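Just so it is clear: chains get the letters A, B, ... in the order the sequence lines come, proteins before strands, and each one is counted from 1. Values in this document were obtained by computation on a predicted structure and should not be read as measured data.
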Amino acid sequence: MKKSTQPPNTLEELMMRAEAMAGLTLGQLAHHHQIQSPKDLKRHKGWVGQLIELELGAIAGSKPEQDFIHLGVELKTIPVNQTGKVLETTYVTVAPLSNIQGLTWENSVVYHKLQNVLWIPVQGAREIPLAERQIGSPVLWSPSAEEEALLKQDWEEIMELIAIGKVESITARHGEVLQLRPKAANSQVLTQSIGHNGSRSQVNPRGFYLKTQFTQRILSALL
DNA sequence: AGGTGATCATAT
DNA sequence: ATATGATCACCT
């Protein structure tokens, strides 16, 4: 899926585009871009996000930065059921597992990506055929002081364990709102990490994810 | 049923 | 391999 829409010049323009697609189905949007809707997402997990990026003119590509870097906005589609319940955790970014000396919360990719997030709720119930799933109204969010404090605490606890070579002891249960989970093509993939006594080691790559209860609170409060 | 660990597609 | 976009699918 290649880009065809120009990036929005202003936040207002981005919001106008997002609001204009609310109520449309994924099938309608796909047709508009001359794209075929897959039967389901089993082998097209990022399809919805890519389609929304195309419509809104996102430009980050595969760079580790915000989708609309010139606006300071990160785009996230989020699957919800018909009652508005969040169905999945939200991937934020890959976790740095080596060369992390001196890295602080304020300098982290998680911090920067979550400064301004444009949430696009999309019906995600598997019972609804993909092409018939409806796009919801956009929600622009910036973390409150309390929310940022929670994120910062989880991030610092997780990064401390990584720093002392205990990444393999971290499970998705660590963290109240932010969790660390595998993020790779499969469990055989390895990346450099910190081992015992600061030695070099290798582990399955990890990513930071927002837990559903946290994103649920964000969306519910702003709807 | 909910959540954790695993996985899929694609671009660089 | 690493980054993006995420959801799948198994286990408790």
Hey, is the side chain of [X] poking within less than 4.0 Å of OP1 or OP2 on [N], counting only N and O atoms?
X: Lys85(A); N: dG2(B); answer: yes
X: Lys113(A); N: dT4(C); answer: yes
X: Arg126(A); N: dC8(C); answer: yes
X: Ser187(A); N: dT7(B); answer: yes
X: Gln213(A); N: dG2(B); answer: no

Given atom [atom1] of [X] and atom [atom2] of [N], what is their separation to the nearest angstrom?
X: Leu41(A); N: dC8(B); atom1: CG; atom2: C1'; value: 11 Å
X: Ile78(A); N: dG5(C); atom1: CD1; atom2: P; value: 14 Å
X: Leu130(A); N: dT7(C); atom1: CG; atom2: P; value: 10 Å
X: Asn204(A); N: dT2(C); atom1: CG; atom2: P; value: 10 Å
X: Glu88(A); N: dT7(B); atom1: CD; atom2: P; value: 16 Å
X: Lys76(A); N: dA6(C); atom1: NZ; atom2: C1'; value: 8 Å
X: Phe68(A); N: dG5(C); atom1: CZ; atom2: P; value: 11 Å
X: Glu53(A); N: dA9(B); atom1: CD; atom2: P; value: 18 Å

- [ ] List in chain and number order the residues that pass side chain to side chain contact (heavy atoms under 4.5 Å, CB included) with Asn9(A), two or more places apart in sequence or in another chain; answer none if no residue qualifies.
- [x] Glu13(A)
Task: Pairwise salt bridge (charged side-chain N to carboxylate O under 4.0 Å, His left out) hits with a residue in residues 109-121 of chain A, at least two apart - done: none
- [ ] Please round to 10 degrees the angle between the axis of the first five pairs and the axis of the last five pairs in the helix from dA1(B)-dT12(C) to dT12(B)-dA1(C).
- [x] 30°
Task: Residue pair Ser220(A) / Gln216(A), side-chain donor-acceptor N/O under 3.5 Å - done: yes
Task: No-hydrogen, no-angle side-chain donor-acceptor test under 3.5 Å, His112(A) and Glu65(A) - done: no
For a quick check of understanding: with a heavy-atom distance under 4.0 Å over all strands, which category does [X] fall into, base, sugar-phosphate or nothing?
X: Val48(A); answer: nothing
X: Leu190(A); answer: sugar-phosphate
X: Glu74(A); answer: sugar-phosphate
X: Gly49(A); answer: sugar-phosphate

Task: Strand-adjacent residues in residues 215-223 of chain A, judged by heavy atoms under 4.0 Å from DNA chain B - done: none
Task: Strand-adjacent residues in residues 148-182 of chain A, judged by heavy atoms under 4.0 Å from DNA chain B - done: Thr171(A), Ala172(A), Arg173(A), Gln179(A), Arg181(A), Pro182(A)
Give every donor-acceptor pair under 3.5 Å between a side-chain atom in residues 205-213 of chain A and any protein atom, sequence neighbours left out.
{"from": "Arg206(A)", "atom 1": "NE", "to": "Asn204(A)", "atom 2": "O", "distance (Å)": "2.8"}
{"from": "Tyr209(A)", "atom 1": "OH", "to": "Pro182(A)", "atom 2": "O", "distance (Å)": "3.1"}

Open item on the list: Ignoring hydrogens, what is the shortest heavy-atom contact between Gly124(A) and Arg133(A)? Give both atom names and the distance.
Closed with: O-NH1, 3.8 Å
Task: Test applied, side chain to side chain contact (heavy atoms under 4.5 Å, CB included); reference residue, Leu140(A); option that passes from Leu222(A), Val117(A), Leu11(A) - done: Leu11(A)
Open item on the list: In this structure, would Trp141(A) and Leu56(A) fall into the same cluster of hydrophobic residues linked by side-chain contacts under 4.5 Å?
Closed with: no
Task: CG on Asn81(A) to CZ on Arg126(A), rounded to 0.5 Å - done: 12.5 Å
Give each protein N/O atom lying under 3.5 Å from an N/O atom of nucleotides 10-12 of chain C, with the pair distance.
none

Open item on the list: Looking at Tyr91(A) and dA3(C), is any side-chain donor or acceptor paired with a base atom of the opposite kind under 3.5 Å?
Closed with: no
Open item on the list: Using only modelled atom types and a 3.5 angstrom limit, is any donor from either the side chain of Lys63(A) or the base of dT4(C) paired with an acceptor on the other?
Closed with: no
TODO: Assign each of Thr77(A) and Thr191(A) to its nearest nucleotide of DNA chain C by heavy atoms, then name whichever residue's nucleotide is nearer the 5' end.
DONE: Thr191(A)
Open item on the list: The criterion is ring-ring contact (aromatic ring centres under 6.0 Å, His included); which residues satisfy it with Phe214(A), sequence neighbours excluded?
Closed with: none
Task: Residues that Glu106(A) engages under salt bridge (charged side-chain N to carboxylate O under 4.0 Å, His left out), provided they are two or more places apart - done: Lys152(A)
Task: Residues which pass salt bridge (charged side-chain N to carboxylate O under 4.0 Å, His left out) with Lys76(A), listed by chain and number, not counting sequence neighbours - done: Glu74(A)
Open item on the list: If you only use heavy atoms from C-beta on, which nucleotide in dT4(C), dA9(C), dA6(B) is closest to the side chain of Lys45(A)?
Closed with: dA6(B)
N/O donor to acceptor pairs below 3.5 angstrom from side-chain atoms of residues 22-29 of chain A, sequence neighbours left out:
{"from": "Thr25(A)", "atom 1": "OG1", "to": "Gln28(A)", "atom 2": "N", "distance (Å)": "3.0"}
{"from": "Thr25(A)", "atom 1": "OG1", "to": "Gln28(A)", "atom 2": "OE1", "distance (Å)": "3.4"}
{"from": "Thr25(A)", "atom 1": "OG1", "to": "Ala131(A)", "atom 2": "O", "distance (Å)": "3.4"}
{"from": "Gln28(A)", "atom 1": "OE1", "to": "Thr25(A)", "atom 2": "N", "distance (Å)": "2.9"}

Task: Close side-chain approach of Pro138(A) and Met15(A), heavy atoms under 4.5 Å - done: yes
- [ ] Hey, could you give me each pair passing side-chain hydrogen bond (donor to acceptor under 3.5 Å, both in side chains) that has a residue in residues 175-185 of chain A? Not counting sequence neighbours.
- [x] Thr89(A)-Arg181(A), Gln179(A)-Arg181(A)
